[in-house]
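Before any comments, here is the structure.
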Protein chains: 2
Amino acid sequence: MNTSQLCPKFEKAMGILSKRWTGLVIYQLLSGPQRFCTIESSIGISGRLLSDRLKHLENEGIVKREVFPETPIRIEYSLTEKGLALEPLMKELEKWSQNWVDTEEPLQN
Amino acid sequence: MNTSQLCPKFEKAMGILSKRWTGLVIYQLLSGPQRFCTIESSIGISGRLLSDRLKHLENEGIVKREVFPETPIRIEYSLTEKGLALEPLMKELEKWSQNWVDTEEPLQN
DNA sequence: CCAACTTAATTACTTTTCGTAAGTAAGTTT
DNA sequence: AAACTTACTTACGAAAAGTAATTAAGTTGG
């Protein structure tokens with residue numbers, strides 16, 4: 001049972017961000033609209049999970065899926081206004097990671 | 001296999017945040033040092049996972065565990081400087097959630 | 001025309017993580 | 001001594017993730 005005393009909006013926002021891969025997908029899309037296979041290889045997610053995550057983000061109104069009936073057909077994913085609004089947060093995470101994150105493995109005792 | 005082209009520091013930072021509950025634990029500790037059972041009930045996490053998350057956050061140098069040998073004994077968790085540095089990010093998430101998150105269920109078709 | 005290739009998925013199966021509940025150890029209160 | 005509290009740990013079924021193979025629709029090359 002969830003008996004938390006947090007703001008439901010904040011809790012939901014954190015829920016989106018703390019689902020594995022969603023943050024990276026959003027971050028990747030901040031550099032512009034992209035195709036499925038581009039996202040897949042840029043962040044190292046499997047197709048199975050990327051498919052799932054894009055669907056969820058579409059449901060949340062964060063990502064938009066567009067089909068371009070060119071030849072060959074092209075499907076592009078991009079951020080909606082809601083998704084783009086996460087840019088300041090991503091910038092903060094970039095800053096924090098540069099200032100505080102150490103990629104070395106901690107010493108094993 | 002992870003063949004991503006992202007900055008390893010950023011990727012690690014996102015990895016920390018996108019592990020379930022860690023974000024909420026950090027957010028909760030921003031309001032000050034707290035005991036295990038306080039965190040547990042404020043964010044609605046189970047003891048089993050809170051114990052695990054606090055250990056991980058301690059290993060990452062984000063959370064500090066202090067034992068006060070009073071009577072009764074008291075154990076407090078607080079944020080380190082590294083942990084406190086996440087405040088601006090949390091404020092951004094608060095802003096975003098207030099502006100964009102809708103807690104209503106999406107319509108079922 | 002047909003075999004091989006590409007993209008955007010989906011399905012099948014194994015491993016890992018989560019959630020619930022119960023148990024434990026140390027100390028406190030009644 | 002029995003019941004309670006805190007800070008955990010253990011056990012176990014359920015859910016999610018990871019890997020790999022498959023599919024559907026269309027494209028290219030011979």
Side-chain angles (χ1 to χ4, degrees), chain A residues 1-6 11-12 14-29 32-60 62-79, chain B residues 1-4 6 11-12 14-26 28-29 32-60 62-79:
Chain A
M1 183 176 38
N2 188 344
T3 53
S4 96
Q5 302 151 9
L6 295 160
E11 212 175 340
K12 185 170 176 186
M14 188 65 90
I16 293 168
L17 224 64
S18 67
K19 196 160 178 86
R20 195 167 183 194
W21 298 111
T22 49
L24 287 179
V25 170
I26 294 166
Y27 181 76
Q28 182 61 28
L29 287 175
Q34 280 161 73
R35 310 184 63 168
F36 191 93
C37 62
T38 310
I39 306 171
E40 193 174 6
S41 55
S42 335
I43 66 177
I45 190 180
S46 74
R48 180 191 166 294
L49 290 183
L50 180 54
S51 179
D52 179 86
R53 291 308 185 270
L54 286 170
K55 250 174 238 162
H56 275 113
L57 288 170
E58 228 188 314
N59 282 338
E60 293 294 342
I62 292 169
V63 162
K64 186 172 47 187
R65 181 183 192 269
E66 279 181 294
V67 181
F68 296 89
E70 308 164 354
T71 177
I73 200 174
R74 184 164 51 98
I75 298 171
E76 265 190 6
Y77 295 89
S78 56
L79 294 176
Chain B
M1 182 177 39
N2 187 343
T3 51
S4 95
L6 296 160
E11 211 176 343
K12 185 170 178 187
M14 188 65 90
I16 292 168
L17 225 63
S18 67
K19 196 160 179 88
R20 195 166 182 196
W21 298 112
T22 49
L24 287 179
V25 170
I26 294 167
Q28 182 61 27
L29 287 176
Q34 279 162 72
R35 309 185 63 168
F36 191 94
C37 62
T38 309
I39 306 170
E40 194 175 4
S41 55
S42 339
I43 65 176
I45 190 180
S46 72
R48 179 191 167 295
L49 289 182
L50 180 54
S51 178
D52 179 85
R53 292 306 185 271
L54 287 170
K55 252 173 235 163
H56 275 112
L57 288 169
E58 229 189 311
N59 282 337
E60 293 293 343
I62 292 170
V63 162
K64 186 172 47 185
R65 181 184 193 268
E66 278 180 295
V67 180
F68 296 89
E70 307 165 353
T71 176
I73 199 173
R74 183 165 52 98
I75 298 171
E76 266 190 6
Y77 296 89
S78 56
L79 294 175

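Letters A, B, ... are given to chains in the order of the sequence lines, protein chains preceding strands, and every chain is numbered from 1.
Listed for the B/Ser51 side chain is no donor-acceptor partner under 3.5 Å among the backbone atoms of B/Gly47. In terms of modelled atom types and a separation under 3.5 Å, the side chain of A/Ser41 and the main chain of A/Cys37 share a donor-acceptor contact. When atom types are taken as modelled, the side chain of A/Gln34 and the backbone of A/Gln28 share a donor-acceptor pair closer than 3.5 angstrom.
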Under the side-chain contact (heavy atoms from CB on, under 4.5 Å) criterion, do B/Asp52 and B/His56 qualify, and how do the steps go? CA-CA 6 Å; B/Asp52 179 85; B/His56 275 112; 3.3 Å; yes

Kindly determine whether B/Val63 and B/Arg53 satisfy side-chain contact (heavy atoms from CB on, under 4.5 Å), including the steps that lead there. CA-CA 10 Å; B/Val63 162; B/Arg53 292 306 185 271; over 6 Å; no

Under-3.5 Å N/O pairs linking protein and nucleotides 10-14 of chain C:
residue	atom	partner	partner atom	Å
C/dT10	OP1	A/Lys55	NZ	3.3
C/dT10	OP2	A/Ser51	OG	3.0
C/dT10	OP2	A/Lys55	NZ	2.6
C/dA12	N6	A/Arg48	NE	3.3

Restricting to nitrogen or oxygen on both sides, can you table the protein-nucleotides 21-25 of chain D pairs closer than 3.5 Å?
none

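Summarising the geometry, the separation between CG on B/Leu50 and C1' on D/dT6 is reported as 12 Å, rounded to the nearest angstrom. For the pair B/Phe68 CZ and C/dG27 P, the interatomic distance rounds to 18 Å; values are reported in whole Å. Straight-line distance from the CG atom of B/Leu54 to the P atom of D/dA7: 11 Å, rounded to whole Å. Straight-line distance from the CZ atom of B/Arg35 to the C1' atom of C/dG27: 12 Å, rounded to whole Å. A straight line from CZ of B/Arg74 to C1' of C/dG27 spans 16 Å, rounded to a whole angstrom. Rounded to whole angstrom, the span from the CD1 atom of A/Ile45 across to the C1' atom of C/dT7 amounts to 16 Å. Separating the CD1 atom of B/Ile75 from the P atom of C/dA26 is a distance of 13 Å, rounded to the nearest angstrom. When the C1' atom of D/dT6 is taken as reference, atom CD of B/Gln34 falls 15 Å away, rounded to whole Å.
Across every non-hydrogen atom of B/Ile75 and B/Arg65, the tightest pair is CD1-NH2, 3.5 Å.
Not counting sequence neighbours, A/Arg20 has no partner by the salt bridge (charged side-chain N to carboxylate O under 4.0 Å, His left out) test.
A sub-4.0 Å separation between OP1 or OP2 of C/dC18 and a side-chain N or O of B/Arg53 is present. In this model, the phosphate group of D/dG18 is approached by a side-chain N or O of A/Trp21 to a distance below 4.0 Å at OP1 or OP2.
Here A/Ile73 lies out of heavy-atom contact (under 4.0 Å) with every strand.
For the pair A/Ile45/A/Leu24, no side-chain contact is recorded, criterion being any heavy-atom separation below 4.5 Å from C-beta on. When side chains are defined from C-beta on, A/Leu50 counts as touching A/Phe36, because their heavy atoms get closer than 4.5 Å.
Side-chain proximity of B/Arg65 to D/dA7, D/dG18, C/dT28: nearest is D/dA7.
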